[in-house]
Amino acid sequence: MKTVRLSVPAGEVNLPLCVRTGQVFRWYEIQGLWAGMANDALLIVNPEGNRWSLSAVGGEPIPLFTHLFRMEVDLKSVQVQLIRRDSRWEQWVRALPGLRLMRWTSATECLFSFLCTPANNLPRITGMIERLCERYGTPIAEWGGRQWHAFPTVERLAQAEEADLRALGFGYRARTLIEVARALQAREPNWLESLAELPYWDAKQALMTLPGVGAKVADCVLLFGLNHNLAVPVDTHMWQAMQKWVLPELRGKSLTERTYRQIVDWFHERFGEWTGWAHQYLFTAHLLESQRKGE
DNA sequence: CAGGTC
DNA sequence: CCTGG
């Protein structure tokens with residue numbers, strides 16, 4: 001495993017902030033390094049100073065890192081755009097230096113991972129996905145005193161037994177995962193990936209034909225896995241943040257199809273193609289605040 | 001109940 | 001409607 005160096009200007013990436021805030025689920029801090037699985041590749045990062053060392057198994061470290069963290073995007077200019085479009089974003093940009101919108105390498109992995117998130121929390125989601133990969137994924141590498149497994153293939157998941165998944169702690173999601181795997185097999189190959197080429201609303205509608213995929217999960221897969229920067233996943237954090245800090249007229253209302261759409265429309269009007277990034281700053285600000293308060 | 005989907 | 005905290 002060869003190690004390469006990459007110049008990372010100060011403030012361009014805060015790695016822990018990016019990988020521990022619900023955008024991705026397979027990153028761990030091990031012996032002062034950060035290791036993450038992206039589908040079938042292992043990336044190991046030493047985020048120190050402005051010359052980071054990167055190594056990878058199953059991929060080229062620099063292209064992989066660049067893809068996952070969207071390093072082609074200049075963070076400073078994103079931040080300027082957000083603040084220019086709505087000055088309230090300045091406080092969240094300041095509070096979250098180095099926060100980036102992540103990009104998965106596999107839409108399939110992204111879909112199955114976010115299917116695990118409804119009515120769930122980060123530690124439990126992480127554990128579920130880890131056990132899923134250990135049980136159904138091929139071993140990729142041994143590093144840092146543990147085995148690293150690829151994310152299971154659709155074929156493997158389609159053959160899984162519901163009882164086995166329940167034993168791994170998936171609860172009612174066990175059935176959904178298997179159903180979605182079989183649904184994907186029944187469609188054309190690359191059906192999921194092809195949604196990246198559709199307009200946002202069409203892609204969202206198509207995704208929501210899958211069992212277990214509602215508006216929120218669909219938006220997560222569109223934003224993180226299919227490069228749809230118009231997607232706005234409205235979960236409880238986004239909903240509360242919007243009511244408290246952005247759209248007071250939502251106070252007293254509940255999150256329905258209508259209010260969900262009202263929020264998406266508002267983001268599109270205000271932020272256009274920067275919607276996904278704007279969402280990420282607001283979401284993370286509320287997530288961290290709720291963690292501080294111990295909610 | 002809180003979080004999501006049906 | 002499900003369901004784990």
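Just so we're on the same page: letters track the sequence lines, and every chain starts at 1. Just so you know, these numbers come straight off a predicted model, no measurement behind them.
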Cut-off 3.5 Å, side chains only: do A/Arg85 and A/Gln81 have a donor facing an acceptor? yes
Will you find, in the side chains of A/Gln79 and A/Tyr281, an N or O donor that is under 3.5 Å from an N or O acceptor? yes
What are the two closest non-hydrogen atoms of A/Ala150 and A/Cys133, and how far apart are they? O-CB, 3.7 Å
Mind calculating the distance between CG (A/Asn120) and P (B/dG3) to the nearest angstrom? 12 Å
Please determine if a side-chain N or O atom of A/Thr236 lies less than 4.0 Å away from the OP1 or OP2 oxygen of B/dA2. no
Can you tell me if A/His286 and A/Lys244 form a side-chain donor-acceptor pair at under 3.5 Å? yes
CZ of A/Arg124 versus C1' of B/dG4: gap in Å, rounded? 13 Å
Cationic tip of A/Arg261 above A/Trp201 ring, under 6.0 Å, 45° of axis: yes
Starting from P on B/dG3, measure out to CH2 on A/Trp239 and report it in whole angstrom. 14 Å
Is a donor from one side chain sitting under 3.5 angstrom from an acceptor on the other, for A/Arg70 and A/Asn227? yes
Compute the ring centroids of A/Phe151 and A/Trp104, then answer whether they are less than 6.0 Å apart. no
Establish, for the pair A/Arg146 and A/Tyr28, whether the NZ or CZ atom is under 6.0 angstrom from the six-membered ring centre and no further than 45 degrees off its axis. yes
Minimum heavy-atom distance between A/Trp34 and A/Trp27, given as atom pair plus value: O-CZ3, 3.9 Å
What are the residues of residues 216-231 of chain A, sorted by number, that bring a heavy atom to within less than 4.0 Å of DNA chain B? A/Lys216, A/Val217
Whole-Å gap separating P (C/dG4) and CG (A/Asn121): 12 Å
Tell me: CG of A/Leu177 to C1' of B/dG4, nearest whole Å? 15 Å
Wobble G-U and Watson-Crick pairs count when both distances are under 3.5 Å; given that, what is the 5' to 3' dot-bracket string of DNA chain C, with | for pairing to other strands? .|||.
Please tell me whether A/Thr209 and A/Arg187 have a donor and an acceptor in their side chains that are separated by less than 3.5 angstrom. yes
In whole angstroms, how far is the P atom of B/dT5 from the CG atom of A/Leu207? 12 Å
A/Arg175 CZ to B/dG4 P, straight-line distance once rounded to whole Å: 21 Å
Take the angle between the ring planes of A/Phe271 and A/Trp266 and call it parallel below 30°, perpendicular above 60°, tilted in between. perpendicular
Please work out which residues in residues 162-171 of chain A have a non-hydrogen atom less than 4.0 Å from an atom of DNA chain B and list them by number. none
Atom-to-atom span, CG of A/Asp235 to C1' of B/dA2 - whole angstrom: 12 Å
